[in-house]
S.K.: 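Below is a structure I'd like to ask you about.
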Protein chains: 2
Amino acid sequence: MNVLIVYAHPEPRSLNGSLKDFAVRRLEAAGHTVQVSDLYAMRWKATLDAADSLDGAAGPRFDPSLDSKRAFENGRQSEDIAREQDKLRWADAVILQFPLWWFSMPAILKGWVERVYAYGFAYGVGEHSDTHWGNRYGEGTLAGKRAMLMVTTGAWDSHFGPRGINGPLDDVLFPIQHGVLFYPGFDVLPPFVIHRSSRVDAAGFDAASAALGERLDTLFETQPIPFRRQNGGDYEIPALTLREEIAPGRSGFGVHLA
Amino acid sequence: MNVLIVYAHPEPRSLNGSLKDFAVRRLEAAGHTVQVSDLYAMRWKATLDAADSLDGAAGPRFDPSLDSKRAFENGRQSEDIAREQDKLRWADAVILQFPLWWFSMPAILKGWVERVYAYGFAYGVGEHSDTHWGNRYGEGTLAGKRAMLMVTTGAWDSHFGPRGINGPLDDVLFPIQHGVLFYPGFDVLPPFVIHRSSRVDAAGFDAASAALGERLDTLFETQPIPFRRQNGGDYEIPALTLREEIAPGRSGFGVHLA
């Protein structure tokens, strides 16, 4: 199978760099073909702007959505964007690998999402009507593919626990797992997480890579997180609220898991 | 009072640009002094790397935390970083203004947080012991200052409601409001939010600016979000989990509000 790793750490000789190298070797040894988008090494342009279209802004005002749509439709996107979209089309599974900085992905990876996720590619796809609000949240361009986060944090496990001060890690990652990955159609696997990254010694690295190896060996069998599909009947459309009879009286991120 | 607006939109003639201009005028008319960090206009460097220290990496490997600490302590930070820290020290209130892109802030603003929030400035501050886990979450360098998000979204209000498919907006913003603003000490005000940003016409803009005006007029009186202070007795230290007798049996972001 084809696996794309989108990797965002500035130092190759870091824990993240070592885990990335381990992942590439493990996947290749299992017969997969691997591509790595090493965003720092590629000097990825993090900032979305009018230069993302070869034609610049269409009108007197740059419109991030509409100019993205036009460039995508007309094959006039900046080449670095089109190349990453091709990698996503090619991939059967995508791994986003990064250190959790300020409770989200590093800016360089956020900018990869913003620029590569063009209007017509990752959003604004499919019919928008009173019964079908676009092909998204379980449908879309990337449907049928798997995605997984590979994340390191500097905190303790308990700090990200159900009652930990940082918030439960699943909730902290929800805007990424649900909003960035499930949205354009990916089946999202449970994340692979290493806490207290600055304290990982040689023995810790052996344990971490063993655990990562198991996750990579089962990349195409692991059950995805059971996010509810937007157009599968669980939501009122166009309000896009969960139907009354489903998880009655409850609210929050958790209700979007079946 | 001194107000800093950190503004992240690529197009001055956008809804965000117009609201920013309105905010500056309104605050100045009320007698406040305003500075704007217009990140796109400043061509803000979004990507954290070894060049953020004038000395580069100290050792053979760039360490994002330790090299930040060293540069901060020795006055060897990149000048653009030091300048933004000075603005934060100067400000009595800080507004982060941005369109919500993929359920978080634009990459250019995320990169402002990552680079300006140096080790020793926004984290790694204060004693770390078994009874006091650093000056953070309600204490820290920016304690005594107020902060507020000014956010536009393309979605409907209901899509971000308690049972909306995007997740409740308060939860989507928690990693920013709690993790980026409350963490280094800010008192965080409820956000100012405009939904369906692409549909705001002249009448909609009048309504939006009237509502924004009221929020700005009461910027220094509005009650902050009652996030629990880390070192105020509500948390076990060093596990940093909420004490058993507080919000018993509950979990999730909501338990961190008193």
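A note on names: the letters A, B, ... follow the listed sequences, proteins ahead of strands, and every chain is numbered from 1. All values below come from the heavy atoms of this structure, side chains included, with hydrogens, waters and symmetry mates left out. Everything numeric here is computed off the predicted structure, so don't read it as measured data.
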S.K.: How would you list, in number order, the residues of residues 226-235 of chain A that have a heavy atom less than 4.5 Å from chain B?
M.R.: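 The list, in residue order, reads A:Gln230, A:Tyr235.
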
S.K.: Can you list the steps and then say if A:Asn166 with B:Tyr137 is a side-chain hydrogen bond (donor to acceptor under 3.5 Å, both in side chains)?
M.R.: CA-CA 9 Å; A:Asn166 293 340; B:Tyr137 287 127; 2.6 Å; yes

S.K.: Under 4.5 Å, counting heavy-atom pairs only, tell me which of A:Tyr183, A:Phe103, A:Trp112 racks up the most with chain B.
M.R.: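 Of A:Tyr183, A:Phe103, A:Trp112, A:Phe103 has the most heavy-atom pairs under 4.5 Å with chain B.
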
S.K.: What residues of residues 147-159 of chain B sit under 4.5 Å from chain A when only non-hydrogen atoms are counted?
M.R.: B:Trp156, B:Ser158, B:His159

S.K.: Would you confirm whether B:Lys110, through its side chain, and A:Met105, through its main-chain N or O, come within 3.5 Å as a donor-acceptor pair?
M.R.: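 Checking the backbone N and O of A:Met105 against the side chain of B:Lys110, a donor-acceptor pair under 3.5 Å is found.
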
S.K.: Using a cut-off of under 4.5 Å on heavy-atom pairs, state which of A:Asp170, A:Leu66, A:Ile108 scores highest against chain B.
M.R.: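 It is A:Ile108.
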
S.K.: Do B:Arg61 and A:Ser14 come close enough that some side-chain heavy atom pair is under 4.5 Å?
M.R.: no

S.K.: What residues of residues 245-258 of chain B sit under 4.5 Å from chain A when you count only heavy atoms?
M.R.: B:Ile246, B:Ala247, B:Pro248, B:Gly249, B:Arg250, B:Ser251, B:Gly252, B:Phe253, B:His256

S.K.: Does some side-chain heavy atom of B:Pro175 sit less than 4.5 Å from a side-chain heavy atom of A:Ser104?
M.R.: no

S.K.: For chain B, which residues from residues 116-131 of chain A have at least one heavy atom closer than 4.5 Å to it?
M.R.: A:Tyr117, A:Ala122, A:Tyr123

S.K.: Look at atom CZ of A:Arg243 and say whether more than 12 heavy atoms of other residues, nucleotides or ligands are closer to it than 6.0 Å.
M.R.: yes

S.K.: Checking A:Leu48 against chain B: side chain, backbone, both or neither under 4.5 Å from a heavy atom?
M.R.: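 Interface part for A:Leu48: both.
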
S.K.: Need one label for B:Pro238: side chain, backbone, both or neither, based on atoms under 4.5 Å from any heavy atom in chain A.
M.R.: both

S.K.: Any idea which of A:Gly161, A:Pro64, A:Gly111 has the most non-hydrogen atom pairs under 4.5 angstrom with chain B?
M.R.: A:Pro64

S.K.: Using non-hydrogen atoms only, which part of A:Pro106 is less than 4.5 Å away from chain B: side chain, backbone, both, or neither?
M.R.: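 A:Pro106 touches chain B through backbone and side-chain heavy atoms alike.
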
